[in-house]
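Structure first, then comments.
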Amino acid sequence: MKAIVYTKYGPPDVLQLKEVEKPSPNDNEIQIRVYAVQVNYGDIVTRNFKNIPSRELHMPLIFLLPTRISFGLKRPKRQILGNEFAGEIKAVGKDVTLYKEGDQVYGYTGQSMGAYAEYLCMPEDGTVTTKPTNMTFEEAASVPYGALMASTLLRKVNIKSGHKVLINGASGGIGSHAVQLAKHYGAEVTGVCSTPRLELVRSLGADKVIDYTREDFTQSGEKYDLIFDILGKSSFSRCKNSLTENGRYLLSSFKMGHILSMLRTKLGRSKKVICGIAADKQEDLVLIRELVEAGIIKEIIDKRYPLEQTAEAHRYIEEGLRKGNVVITVNHNNKA
Ligand SMILES: NC(=O)c1ccc[n+]([C@@H]2O[C@H](COP(=O)([O-])OP(=O)(O)OC[C@H]3O[C@@H](n4cnc5c(N)ncnc54)[C@H](OP(=O)(O)O)[C@@H]3O)[C@@H](O)[C@H]2O)c1
């Protein structure tokens, strides 16, 4: 089968189209013919992992070292990127009971990656489930990572109707879903991103948008019940005055200092720091499908690239041009 393979860390050109062995499902696995894969933050970072300085990764050293070892210190251990996809089941292992050939699915392979390929295999109880009926394969492939991360992280804070919520990093994979979910919970949402993506964030339902290149939200005098910082670009000390009395400062990217702030604010009833670790479970993806089918989560596709042009897709994102999801489409040319 065809796959995009990389054998060394580096710029987009390290992504090469190659012929590799088609994976066969184990007894508990399903074999999925991939039709669409989204290019996300994880793909971009993992492609160049060795060369990205630790300070830019916003991760405490105790997590960073095992992550670097797991991905490969000098060269990538897993050579096919891509972890959120949509496709169709082509074969099932003998113990599989949940799926059959022809079922349309969407899913998330997490750190195992492997979706920049014509086929992939996953255990039937992995983070995979029936594709939302109201989405194309391309739209469905754009859902899993961001929606899973945003929903499991927001679950840690109990948003109530009428709460004021600020999402710092509202135009990316996690933030774009956090905006839509917070609106669904009845919050008044302010989305922060840079100039080219303000309209995108507005179109996702944000009540207000702030351009971080022109305005510092901590200086506006507004107070929020929740500040959700996706990349950890702000700090608790700067955000403290922008939180209501019982406000929460939720981080999906954090360093040791944030963890110490979380421990310091854990006791007591007022402003709290929460460093959240997200999970990806099949049952959560099922709930997300229900939200998609109810029209609560939508996806905006900016660009589509064929599998052969995956490097081009990475380049487009790195140039900061993306305004929505960038999806790789896999053309099977009517192969059986
Ligand atoms: N806690 C967990 O379990 C968990 C799980 C998965 C990922 N993560 C973390 O989540 C992060 C990736 O999130 P993502 O996939 O949403 O990334 P992404 O798709 O790259 O989006 C990044 C967002 O941050 C914004 N941004 C960039 N610079 C900013 C600044 N200086 N101030 C405010 N916003 C800024 C971007 O806006 P513009 O594009 O407009 O500049 C964009 O909205 C990583 O740090 C990763 O480690 C955590």
Side-chain angles (χ1 to χ4, degrees), residues 1-23 31-52 71-72 75-88 90 104-122 131 135-146 171-173 176 194 196-197 200 299-336:
M1 68 165 185
K2 289 190 177 53
I4 295 293
V5 176
Y6 79 127
T7 53
K8 56 183 180 186
Y9 292 118
D13 294 342
V14 297
L15 300 171
Q16 302 278 326
L17 184 71
K18 290 206 171 142
E19 200 63 42
V20 300
E21 199 179 327
K22 182 169 158 182
Q31 183 200 55
I32 298 152
R33 175 185 262 189
V34 177
Y35 289 138
V37 196
Q38 183 175 211
V39 182
N40 62 27
Y41 172 90
D43 296 326
I44 301 287
V45 167
T46 311
R47 193 205 69 229
N48 198 22
F49 205 31
K50 180 171 77 111
N51 306 314
I52 300 180
F71 279 105
R75 58 190 68 82
K77 284 186 190 163
R78 289 178 282 279
Q79 299 186 339
I80 301 178
L81 293 171
N83 61 15
E84 51 181 335
F85 65 87
E88 185 181 334
K90 287 311 279 183
Q104 297 186 345
V105 293
Y106 79 138
Y108 179 63
T109 60
Q111 292 196 356
S112 306
M113 300 282 185
Y116 286 2
E118 289 186 310
Y119 293 86
L120 65 86
C121 288
M122 281 182 86
K131 168 185 153 304
M135 279 192 167
T136 62
F137 285 104
E138 293 158 14
E139 289 165 333
S142 308
V143 175
Y145 156 75
S171 58
S176 63
S194 64
R197 283 164 283 277
L200 167 76
E299 298 298 336
I300 294 168
I301 307 290
D302 175 14
K303 282 223 171 214
R304 298 162 176 82
Y305 291 86
L307 184 68
E308 296 74 17
Q309 290 175 23
T310 300
E312 208 46 57
H314 274 234
R315 228 170 266 125
Y316 178 74
I317 292 174
E318 286 193 327
E319 283 167 12
L321 299 170
R322 132 191 235 160
K323 288 181 188 161
N325 300 302
V326 174
V327 179
I328 308 290
T329 56
V330 188
N331 182 357
H332 292 266
N333 291 326
N334 299 323
K335 274 187 278 181

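Reckoned from all heavy atoms, side chains included, excluding hydrogens, waters and symmetry mates.
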Go through the structure and list residues passing ring pair (Phe, Tyr, Trp, His ring centres under 6.0 Å) with Tyr9, not counting sequence neighbours. none
So CZ of Arg304 and CD of Gln309: to nearest 0.5 Å the spacing works out to 14.0 Å
Crowding at NZ, Lys77 (>12 non-hydrogen neighbours, <6.0 Å): yes
Euclidean distance, Arg33 CZ relative to Glu88 CD, rounded to 0.5 Å: 7.0 Å
Interatomic spacing from CE in Met1 to CD in Glu19 - rounded to 0.5 Å: 9.0 Å
Decide yes or no for Pro306 and Asn331: does some side-chain heavy atom of the first lie under 4.5 Å from some side-chain heavy atom of the second? no
Looking only at non-hydrogen atoms, find the nearest pair between Thr7 and Lys18 and report the distance. CG2-NZ, 4.4 Å
4.5 Å side-chain heavy-atom contact, Pro144 and Tyr106: yes
What's the shortest heavy-atom distance between Pro23 and Tyr119, and which atoms? CG-O, 3.8 Å
Please assess Leu307 against Val34 for the test side-chain contact (heavy atoms from CB on, under 4.5 Å), listing each intermediate value before the final yes or no. CA-CA 11 Å; Leu307 184 68; Val34 177; over 6 Å; no
Using every non-hydrogen atom in the two residues, find where Ala313 and Val326 come nearest and quote the distance to one decimal. CB-CG1, 3.9 Å
Can you find a pair of side-chain heavy atoms, one from Arg315 and one from Tyr305, that are under 4.5 Å apart? no
A side-chain contact here means heavy atoms from C-beta on lying under 4.5 Å apart; do Phe71 and Gln111 qualify? yes
Lys2 backbone acceptor or donor facing Glu118 side chain under 3.5 Å: yes
For Arg78 and Ser112 the tightest heavy-atom approach is CD-O, 3.5 Å
Which of these passes side-chain hydrogen bond (donor to acceptor under 3.5 Å, both in side chains) with Asn83: Asn40, Thr46, Thr109, Asp43? Asn40
Name the residue from Glu84, Lys131, Met135, Gln38 that meets the side-chain contact (heavy atoms from CB on, under 4.5 Å) definition with Val143. Met135
Which residues share a salt bridge (Lys or Arg N to Asp or Glu O under 4.0 Å) with Glu318, sequence neighbours left out: Arg47
Quick check for you: to the nearest 0.5 Å, what is the distance between Glu299 atom CD and Glu138 atom CD? 12.0 Å
When rounded to the nearest 0.5 Å, the distance separating CD1 of Ile328 from NE2 of His314 is 6.5 Å
With rounding to the nearest 0.5 angstrom, report the CD to CD1 distance, Glu308 to Ile4. 7.0 Å
Tell me if a side-chain donor or acceptor on Asn325 pairs with a main-chain N or O of Val327 at a distance below 3.5 Å. no
Flag side-chain contact, heavy atom, 4.5 Å: Asp302 against Tyr316: yes
Among Ile52, Val39, Leu81, find the one that has a side-chain contact (heavy atoms from CB on, under 4.5 Å) with Ile44. Val39
Give me the atom names and distance for the closest heavy-atom approach of Ala86 to Ala140. CB-CB, 3.9 Å
So Phe137 and Gln104, side-chain contact (heavy atoms from CB on, under 4.5 Å) or not? Walk me through it. CA-CA 9 Å; Phe137 285 104; Gln104 297 186 345; 3.6 Å; yes
Minimum heavy-atom separation for Ala117 to Gly114, with atom names? CB-O, 3.9 Å
Mind checking whether Ile301 and Glu139 have side chains closer than 4.5 Å, heavy atoms only? yes
Any donor-acceptor pair under 3.5 Å from Arg197 side chain to Arg322 backbone: yes
